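From a predicted model like this one, the values you see are computed outputs, not experimental measurements. By convention in this document, chain letters (A, B, ...) are assigned in the order of the sequence lines, proteins followed by strands, and residues within each chain are numbered from 1.
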Number of protein chains: 2
Amino acid sequence: MGGETIRKATIDLVRENNRALILRALRRGGAQSRTALGQVTGLSPAAISGITSAMLDEGVLLQADGESGTAKARGRPQVKLSLNPLRGCVVAVMIAVNRIRLKLVDYAGKECTESHVDVAALEMQRGEFIRTIGDAVFSLLDETLNAAGPLSRIEVSVQGITDGAGEKILWSPVLRAREIDLARRFSRRFGVPVSVMNDCAAMTEALQWIDPPRYRERFAAILIGYGVGMGLFLDGAPLVGLRDSAVEFGHMNHVPEGALCRCGRRGCVEAYAADYAIWRRAKGKDDQKLVAPPSAEEMALIEDRARQGNEQALAAYREAGCAIGFGLGRLFALIGPVPVAFTGSGTRTMDLLEEGLRDGFEQSLVEDLRGELVFETLGDEAALVFKGLAMGALNRLDTEDIAALQVSS
Amino acid sequence: MGGETIRKATIDLVRENNRALILRALRRGGAQSRTALGQVTGLSPAAISGITSAMLDEGVLLQADGESGTAKARGRPQVKLSLNPLRGCVVAVMIAVNRIRLKLVDYAGKECTESHVDVAALEMQRGEFIRTIGDAVFSLLDETLNAAGPLSRIEVSVQGITDGAGEKILWSPVLRAREIDLARRFSRRFGVPVSVMNDCAAMTEALQWIDPPRYRERFAAILIGYGVGMGLFLDGAPLVGLRDSAVEFGHMNHVPEGALCRCGRRGCVEAYAADYAIWRRAKGKDDQKLVAPPSAEEMALIEDRARQGNEQALAAYREAGCAIGFGLGRLFALIGPVPVAFTGSGTRTMDLLEEGLRDGFEQSLVEDLRGELVFETLGDEAALVFKGLAMGALNRLDTEDIAALQVSS
DNA sequence: TTTATTTATTTCACGCTCTGAAAAAAATGT
DNA sequence: ACATTTTTTTCAGAGCGTGAAATAAATAAA
C-alpha cells in the first residue's frame with residue numbers, strides 16, 4: 001500500500017502485460033481457444049487475435065489445426081491454441097546429498113528426459129563441483145536431441161542458504177565449498193539465465209501449481225528429515241531475504257538454552273525435530289551432545305519402538321512435534337495463519353508427531369480468533385522440488401523473456 | 001516471482017501509473033519543476049507536460065507563478081509545481097486509552113488543525129463510541145473552515161486487532177465493544193473512504209517517509225509500553241493478515257509454559273516485556289499472577305530502583321530485553337534481518353533493556369552471516385502514528401482517487 | 001444441394017498513450 | 001537590440017486495446 005517502487009509505464013508495458021496474461025492462462029488452463037482466452041483474461045477478441053497471431057508467428061504458440069475438440073456445435077468451431085513444446089526447454093537441477101538429479105522439461109511443461117550423477121559433493125572442490133553439474137546438464141541436452149527446443153533456462157535447487165538474488169549458493173550442509181556463484185558460471189557456459197534457490201522455496205512454487213485453491217496467496221512448506229527447512233510463500237511470491245534466502249525455520253529458537261543444534265547454537269527447532277534429534281532423544285542420549293546423522297534403518301528402528309509403545313521413543317516424537325508446533329505458532333503470530341504442507345522423510349511418522357505438534361501449536365497460539373491449523377502431508381519431496389524448479393523456470397521464461405517485447409524486431 | 005495475479009492492462013493504466021508516479025515524486029521531493037520531474041520519473045518532457053497540465057486543470061497541482069527559486073540562471077526559468085493544499089484534506093484519528101486524538105492534514109501534507117476528546121471508551125457501547133468519534137471529526141472539519149479543501153479520507157488507528165481489509169476493529173484492549181465496523185459507518189456518514197489500521201502498522205508507514213534510506217523495503221516497528229506491538233513492513237507494504245491485522249509480536253511465545261500473559265496464555269513476549277510484566281518481576285511477584293497495569297509513577301519507581309543497582313529490578317529489565325531479543329531473533333530467522341525502530345513509553349529505559357536484548361538476540365541468532373542487529377529508539381510514538389496515518393491516507397488518495405482516470409470526463 | 005443460422009475470428013476506424021524532434025517561450029549576456 | 005541558453009509546449013508518428021462490422025467456418029433447415 002505504501003511504498004511500492006512504481007516505474008515509468010509506456011505503451012509497451014501494456015502489450016507485455018497482456019502477453020504474459022495469455023501465456024499464464026495457457027500454462028494454467030492448458031490448450032484453449034481464443035474465445036476462452038478472452039473470457040479468462042477479460043481482453044477483447046481483437047486484442048486476443050492480435051497478440052496470439054504475433055505469438056504464432058514467433059513460434060511461441062501452436063494452433064491445433066486438426067480436429068476440433070468440441071464437435072458438432074452450431075457455429076464456427078473454436079481453434080485451440082497451445083504452448084509450443086519446441087519453443088525452448090528448461091533444465092532443473094536438484095542437488096542432494098551425494099547425488100545430483102536433473103530433469104529436462106519442454107516449454108509446454110512436459111518432462112522429456114532425466115538423469116543423475118552420484119558424487120561425493122562434500123569432498124569436491126568448488127571448480128570440480130561446478131564442472132560436474134555443467135557436464136551433466138550438457139549430457140542431458142545431448143541425450144534429449146531434438147525432442148525439445150533449445151535450452152532457455154537452468155534452475156538449481158540446493159538444501160541450505162542461497163543468496164537473495166538467486167545467483168549463488170552461500171552455504172549448504174551437503175557441500176564443502178562456500179559462495180559458489182553457479183549463476184554466473186553456468187550462464188557463461190550455456191548462454192542462458194540461471195537461478196539458484198533453496199529446495200523449500202522450490203517446493204512452494206510447486207504447491208502453487210499443484211493445488212492452487214489451497215496454496216494461493218500465502219502458505220508454508222516444511223521439509224522434515226536430515227534437517228528442518230521451510231519455504232514461505234507470501235502475497236504471490238516466495239519470501240526471499242535481501243542478502244540470503246532467509247526463512248531459517250529449522251534454526252529458529254524453540255527453547256532458550258535448549259538442546260544443542262548442529263549449527264552450534266542451543267534450542268533451535270531442528271535440535272528437536274530433525275532425524276538426529278529424534279534419534280538421540282529416543283536413545284536417551286544427552287541432548288547437549290551432537291550425534292552422527294542416523295541412517296534410514298536406524299530411524300525405522302526408533303519408529304518401530306515408538307509404535308510398540310516405548311515411552312522414550314514416543315516422547316522423542318512428541319517433543320519433535322511440539323517444537324514444530326511452537327514454531328508454527330510463532331510464525332502465525334507474525335504473519336497470521338497460513339496453510340502448511342509437510343514433506344520429507346520425517347513425515348513418515350507424521351502420526352507420531354501430530355499430537356505434540358497440535359499441542360505445541362495450541363500453547364503458542366495467540367487467540368481463538370486465529371483459526372485452526374490447516375496442514376497436509378505430501379509424499380515425495382523430490383518430485384515437488386522438481387515441479388517447483390521447472391514451473392518457476394518456465395514462469396520466469398514466460399514473463400521475463402517471451403512476454404517482453406524485443407527492442408529490435 | 002511465481003503467482004502475482006496479473007490483470008488486464010489498457011492504455012489507461014499507463015496514464016494512471018504515470019500520474020501516480022508524478023504525484024509521488026512531488027509528495028516525496030516537494031515542489032519541483034517539470035524538468036526535475038522528468039529526471040526523477042524518467043518520463044519525456046512531452047509526457048510530463050501533458051500530465052501536469054491536466055492536473056493543473058483539475059486543481060490537483062499548483063503552479064508557482066510568482067518568483068522563480070533559481071534566480072539569474074541563463075535560460076528560461078523553471079516553474080515549480082506543487083501539490084494544491086486545497087485539493088482536499090484527510091483526517092487522522094488515533095484511538096488511545098480514554099482519549100481520542102484527531103488531526104486534519106491538507107493535501108499538501110501540512111497539519112492544519114487538531115483536537116481531542118477524552119472518553120471512557122472502555123465503558124462505552126459500540127454505537128455511542130462511533131458517534132463520539134464521528135462528532136469529533138465533524139467538529140474538526142467545522143473548525144478548519146476554509147483553511148483546507150473538502151474532506152477526502154479518514155484514517156483511524158487503534159491499539160489491537162483490525163481486520164485484514166482495514167474496515168473493522170476486531171478487538172482492542174482499550175475498547176469494550178468488538179467487531180466495530182468503523183469504515184462502513186463513517187464512509188456512510190461522511191461520504192469518503194475510511195480505513196482502520198493497527199497503530200504499529202501506522203508507524204511503519206511513517207518511518208518510510210521520515211527516514212527512507214534506513215526504512216525502505218523491509219523493516220519493523222516495535223512499540224513497548226502497556227503492551228508490546230509490532231508493525232512489519234515487507235517488500236514495500238505493511239504486512240497485513242488475510243483475516244486480521246496479523247503481526248502479534250507481543251503474543252508470540254517466548255518460553256513454553258512461561259510467565260502468564262494478559263491474553264491468558266503462557267510465555268508470550270509481552271508477559272516479560274510489557275509494563276506490568278516488568279513491574280511484577282521487579283516487585284518479586286509471582287509471574288503466574290496477573291497484576292493491574294502499573295501507573296507511570298510506579299514504573300518510574302522501578303526504573304529508579306534499577307538505576308540504583310537493585311538486583312531484582314535490573315533482572316526485570318534484563319529479562320524483558322531478553323524476551324524481545326529472542327523474539328527478534330526468531331523474526332529474523334523467518335524473514336531475514338531487518339532494521340528495527342523502537343517506540344513507546346518502555347523505550348525510556350532502553351539502556352536498561354539493551355543488554356538483555358542483545359544477549360537474547362545473540363542466543364537465538366542463526367549465523368554470524370546474518371549481520372548485526374540494527375535498531376534505533378524513536379521518541380514520541382503518537383507523532384509517528386499520526387504521520388503514518390496522514391501519509392498513508394494521502395498516499396492512498398493519490399493512487400486510488402487522483403491518479404485514477406475518471407470514467408466520465 | 002442450397003440457404004439460413006450460429007459462433008469464432010479477423011479487420012478497421014478511433015481514441016488514447018508515450019516518444020522524439022521541432023517550435024515557442026522566457027530569461028540572461030553581449 | 002540581438003544572440004544564447006534553458007524550459008516548456010506542440011506536433012507527427014507508432015503502438016495499444018476497444019467496439020463494431022466483416023469474414024470464416026461450421027451445422028440445421030429447406
Who pairs with Glu111(A) by side chain to side chain donor-acceptor pair (under 3.5 Å), at least two apart in sequence or on another chain? Lys103(A)

Under the salt bridge (charged side-chain N to carboxylate O under 4.0 Å, His left out) test, which residues partner Arg34(A), sequence neighbours left out? none

Can you list everything that forms a side chain to side chain donor-acceptor pair (under 3.5 Å) with Arg74(A)? Sequence neighbours excluded, please. none

For Gln78(A) and dT10(C), give me the distance from atom CD to atom C1', rounded to whole Å. 16 Å

Protein-nucleotide distance (Leu405(A), atom CG; dT19(C), atom C1'), rounded to Å: 16 Å

ring-ring contact (aromatic ring centres under 6.0 Å, His included) involving Tyr215(A) - partner list, sequence neighbours excluded: Phe219(A)

Expected string for nucleotides 21-26 of chain C under the B/S/- scheme (protein heavy atoms, under 4.0 Å, primed atoms plus P, OP1, OP2 as sugar-phosphate) is ---BBB

Rounded distance in Å - CG (Leu81(B)) to C1' (dT9(D)): 14 Å

Using whole Å, what does the distance between atom C1' of nucleotide dT8(D) and atom CD of Gln32(B) come to? 16 Å

So, Glu58(B) and Arg87(B), do they make that salt bridge, N to O below 4.0 Å? no

With sequence neighbours excluded, what pairs up with Asp163(A) under the salt bridge (charged side-chain N to carboxylate O under 4.0 Å, His left out) test? none

In chain order, what residues pass the salt bridge (charged side-chain N to carboxylate O under 4.0 Å, His left out) check against Asp211(B), with sequence neighbours excluded? Arg214(B)

Do the side chains of Arg218(A) and Asp235(A) get close enough for a salt bridge, i.e. N-O under 4.0 angstrom? yes

Let me know the distance between NZ of Lys80(A) and P of dA8(C), rounded to the nearest Å. 13 Å

For the helix from dT1(C)-dA30(D) to dT30(C)-dA1(D), what is the angle between the axes at its two ends, each from 5 pairs, rounded to 10°? 30°

Using the side-chain heavy atoms of Ile11(B), tell me which of these nucleotides is nearest: dT11(C), dT17(C), dG17(D). dT17(C)

Phosphate contact (dT17(C) OP1 or OP2) by Asn18(B) side-chain N/O below 4.0 Å: no

Rounded to the nearest Å, what distance is computed from the CG atom of residue Leu56(B) to the C1' atom of nucleotide dT9(D)? 13 Å

Kindly say if Thr10(A) contacts the phosphate of dC18(C), meaning a side-chain N or O under 4.0 Å from OP1 or OP2. no

Could you tell me whether Asp398(B) and Arg24(B) make a salt bridge, using a distance below 4.0 angstrom between a side-chain N and a carboxylate O? no

Give the nucleotide from the list dG17(D), dT8(D), dT11(C) with an atom nearest to the side chain of Ala47(A). dG17(D)

Closest to the side chain of Arg15(B), out of dT17(C), dT8(D), dT10(C), is dT17(C)

Considering every strand and a 4.0 Å limit on heavy-atom distances, what is the contact class for Ile51(A): base, sugar-phosphate, or nothing? sugar-phosphate

Pairing residues for Arg7(B) by the salt bridge (charged side-chain N to carboxylate O under 4.0 Å, His left out) criterion, not counting sequence neighbours: none

Please give, in whole Å, the distance from dC18(C) C1' to Leu21(B) CG? 13 Å

Separation of atom CD1 in Ile48(A) from atom P in dG19(D), rounded to whole Å: 13 Å

Please state whether the phosphate of dT9(C), meaning OP1 or OP2, lies under 4.0 angstrom from any side-chain nitrogen or oxygen of Thr35(A). yes

From the list dG17(D), dT9(C), dA8(C), which nucleotide is the closest neighbour of the side chain of Arg34(A)? dT9(C)

Reckon Asp12(A) touches a base, only the sugar-phosphate, or nothing at all at heavy-atom distances under 4.0 Å? nothing

